[in-house]
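Keep in mind it's a predicted model, so treat the numbers as computed, not measured. Naming convention: chains lettered A, B, ... in sequence-line order (proteins, then strands); numbering from 1 in each chain.
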Number of protein chains: 2
Amino acid sequence: MEGRKVTLRDLAMKAGLSVNTISRALKDKEDIAPATRKLIKDLAKDMGYIGNALAGSLRSGLTKTIAVIVSDVANPHFGIMVKDIDKTARKHNYTIFVINTEDDYDMEERAIFTAIRKNVDGIIICPSQRSTDNIRFLQKNGVPFVLIGRRFKDEPEFDYVICDDEKGGYLATKHLVESGHRRVLFLNGPNRISSAQERFEGYKRAHDEAGLPIEEDLIIEVGASAGDTKQVVRQLIEQKADFTGIFAFNDVIAWEAVYVLHKYGYRVPDDYAVIGFDNIQSRLFIPFQLSSISNSKGKMSKRAMDIILHKINHPESKERFHEVIDTTLVLRESTK
Amino acid sequence: MEGRKVTLRDLAMKAGLSVNTISRALKDKEDIAPATRKLIKDLAKDMGYIGNALAGSLRSGLTKTIAVIVSDVANPHFGIMVKDIDKTARKHNYTIFVINTEDDYDMEERAIFTAIRKNVDGIIICPSQRSTDNIRFLQKNGVPFVLIGRRFKDEPEFDYVICDDEKGGYLATKHLVESGHRRVLFLNGPNRISSAQERFEGYKRAHDEAGLPIEEDLIIEVGASAGDTKQVVRQLIEQKADFTGIFAFNDVIAWEAVYVLHKYGYRVPDDYAVIGFDNIQSRLFIPFQLSSISNSKGKMSKRAMDIILHKINHPESKERFHEVIDTTLVLRESTK
DNA sequence: TTGTAGGCGTTATCAG
DNA sequence: CTGATAACGCCTACAA
């Protein structure tokens with residue numbers, strides 16, 4: 001059964017019917033006699049017919065495909081989101097492309113080109129935010145898209161689903177401050193990213209409320225890739241930097257920070273209190289009880305898909321989606 | 001600039017040239033006057049032309065796309081592999097589809113259909129192994145494919161890249177046994193999976209060498225999905241099951257087991273020694289020092305892509321790829 | 001150096 | 001109910 005694939009034409013020849021009839025029968029159109037329909041379907045199964053989506057898509061203009069462009073699937077946060085998006089997509093008969101950008105602007109540009117070239121019906125993207133050009137380009141091209149996890153505050157035209165980053169940053173910091181930590185190290189993500197900026201806003205609000213000053217040297221930007229944090233924390237410890245609490249931009253960074261603290265013989269939360277963001281532990285049972293900010297990855301993924309589907313199905317709609325999913329504090333043993 | 005996408009035809013109209021000339025110019029064919037070429041390229045950039053891969057693929061029969069079918073991207077093990085595969089793919093100008101099966105046979109079947117319908121050039125699949133039918137189907141359809149992480153021992157026709165599971169199982173168990181644990185609980189994956197079977201072989205070999213019997217009640221199959229392990233371990237503890245060492249099928253299961261042990265106030269490695277498999281900690285710095293078996297995810301991913309590319313580029317080659325990547329013991333503090 | 005014709009496999013339209 | 005015809009956008013082959 002090797003060789004060329006079975007096409008509608010092959011079925012048509014065999015059945016002595018027109019290609020068109022075959023096509024319509026397989027799609028359960030009402031205007032084909034039930035008997036004929038059954039006949040054709042059986043034949044198709046017999047001959048192992050598998051449609052060619054390429055051809056169909058070329059004609060219909062729809063690929064039933066969504067591109068998901070994220071910075072790093074190896075980060076469980078994104079792994080979980082991708083899984084959830086895939087699940088929702090499947091329910092609606094969509095397939096997803098996953099493209100990694102490593103938060104690199106050029107890779108993001110290429111990812112977008114690829115997605116458009118492949119005629120995806122929509123794009124869910126966690127933008128690297130070096131500039132708005134890539135996203136503007138998307139918009140100009142008319143591909144439905146929605147940002148996830150990050151937003152451009154000055155661009156109300158871009159739909160997004162994010163979690164309440166400011167509140168998350170506030171809750172995390174407030175908790176540390178209230179536990180008595182007056183010098184809280186903030187291991188933040190790249191400052192160009194909205195979530196980093198907004199979590200920092202929260203950090204500031206908590207300090208303001210407590211009447212604590214913001215110490216510039218306690219705000220540190222760490223790279224997003226695995227391993228970067230280790231370097232930074234190691235250095236801080238060597239310098240005997242003065243802090244007792246750590247608020248990390250995400251759980252992966254928090255883990256890495258604790259990892260280094262442990263290496264130096266420090267104990268958490270006894271010597272340092274540490275809190276992360278993403279609450280990965282709700283989905284992956286890691287034996288380190290990290291306090292964190294829950295951001296409902298499941299809900300975010302689902303909303304993003306819903307929005308994309310809405311935009312695909314109502315291309316004329318001018319509705320704007322600016323969704324902010326609530327964040328909550330989840331206390332575990334890494335803070336007290 | 002909204003609306004329909006720019007096509008070769010649009011460029012042709014604008015330039016007063018034929019579609020063909022445009023196409024050839026954009027592909028840098030020698031037989032177009034350099035001046036014309038430049039003109040056309042500038043125009044294309046101006047009008048924001050992005051080729052339609054669908055149309056091209058329909059013609060050429062190639063999509064420059066690889067499907068990656070795995071059980072769970074949310075498991076960092078797969079997340080990391082997907083990332084690595086994507087990286088290699090990109091280097092060769094390929095894009096990847098990621099499809100999750102949750103190790104469900106029907107979802108796997110649908111995933112394969114989807115991949116074929118979308119005309120992927122090749123498939124990298126971690127098969128669910130409920131039966132060989134799905135894979136046989138792939139073979140019958142002539143799509144190049146390679147198994148990753150699992151194999152069918154009775155099907156030498158299927159190419160695969162796995163790690164040395166037997167050796168890994170042996171090393172892990174041997175280490176526990178040599179540390180004085182005479183009753184080692186094996187939290188294994190589903191037995192239909194080759195890696196589970198082979199790791200068990202290793203477990204047995206270590207026992208044989210040490211002259212220890214295999215106790216049936218210490219071999220427990222846990223579901224692959226997050227949360228399953230908790231239930232199992234909780235029950236064992238409640239039953240006061242007799243064991244002091246735990247060898248887990250993978251790190252995620254190991255983490256979950258430790259998670260529960262901690263909940264019950266037990267300490268690792270003092271009360272129980274625990275070792276996992278996959279060595280996720282080489283890529284994600286989790287602050288729990290889990291001993292594990294390293295299986296070179298990077299190497300596996302790379303080899304899988306190389307093999308797929310080879311098969312795509314040499315469809316006639318009858319070469320068979322049965323690759324077994326070495327596994328090694330990585331000791332950390334969860335065993336002593 | 002450039003243009004024309006035909007086809008990839010499917011689907012939409014309209015006629016019968 | 002079913003069939004013929006023409007697209008979808010691009011590319012290969014050949015003609016001019």
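When the P atom of C:dT10 is taken as reference, atom NZ of A:K5 falls 9 Å away, rounded to whole Å. In this structure, NZ of B:K118 is placed 23 Å from P of C:dC8, rounded to the nearest angstrom. In this structure, CE of B:M13 is placed 14 Å from P of D:dC10, rounded to the nearest angstrom. We find that CD1 of A:I22 is positioned 8 Å from P of D:dG3, with the value rounded to whole Å. D:dG3 atom P lies 8 Å from atom CD1 of A:I40, rounded to whole Å. Per the geometry, CD1 belonging to B:I32 stands 13 Å off P belonging to D:dC11, to the nearest Å. What separates CD1 of A:I50 from P of C:dT10 is a distance of 11 Å, to the nearest Å. Between A:L11 atom CG and C:dT10 atom C1' the separation is 12 Å, expressed in whole Å.
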Check step by step if side chain to side chain donor-acceptor pair (under 3.5 Å) holds for A:T63 and A:D121. CA-CA 6 Å; A:T63 52; A:D121 295 338; 3.2 Å; yes
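The residue B:S18 sits close to a base: some heavy atom pair falls under 4.0 Å. A:L17 comes within 4.0 angstrom of the backbone, heavy atoms only, and of no base. Contacts of A:G51 with the nucleic acid, taken as non-hydrogen atoms under 4.0 Å apart, involve only primed sugar atoms and P, OP1 or OP2.
Contact between the side-chain N/O atoms of A:T7 and the OP1/OP2 oxygens of C:dG9 is not found at any separation under 4.0 Å. For the OP1/OP2 pair of C:dT10 and a distance below 4.0 Å, the side-chain nitrogens and oxygens of A:Y49 include at least one atom meeting the criterion. Between C:dG3 and B:T21, a contact under 4.0 Å exists linking OP1 or OP2 to a side-chain N or O. Taking only side-chain nitrogens and oxygens, B:S23 comes nearer than 4.0 Å to OP1 or OP2 of D:dC11.
Going from atom CG of A:L138 over to atom CD1 of A:I123 covers 4.5 Å, rounded to the nearest 0.5 Å. With rounding to the nearest 0.5 Å, the separation of CZ in A:F78 from CG in A:N100 is 9.5 Å.
Nearer to the 5' terminus of DNA chain D, by closest-nucleotide assignment, is the contact made by B:A53 (compared with the other of B:D31 and B:A53). Nucleotides of DNA chain C nearest to B:A55 and B:T36 differ in position, and the one nearer the 5' end is that of B:T36.
Cation-pi geometry between A:K118 and A:F97 is not met at under 6.0 angstrom from the ring centre and within 45 degrees of the axis.
In summary, the aromatic rings of A:Y160 and A:F152 are positioned with their centroids too far apart to meet the 6.0 Å limit. You'll find the ring centres of B:H322 and B:F158 outside the 6.0 Å limit.
Picking from D:dG3, C:dT2, D:dG9 the nucleotide with the shortest atom distance to the side chain of B:L58 gives D:dG9. Across C:dT4, D:dC11, C:dT13, the shortest atom-to-atom separation from the side chain of A:R24 is found for C:dT13. Here the side chain of A:K29 is nearest to one of C:dT2, C:dA12, D:dG3, namely C:dA12. Residue A:V19 places its side chain closer to C:dT10 than to any other of D:dT2, C:dT10, D:dC11.
Within 3.5 Å, no donor on the side chain of A:R59 pairs with an acceptor on the base of C:dT10, nor the reverse. Residue-to-nucleotide contacts include a donor-acceptor pair under 3.5 Å from the side chain of B:N20 to the base of D:dT12.
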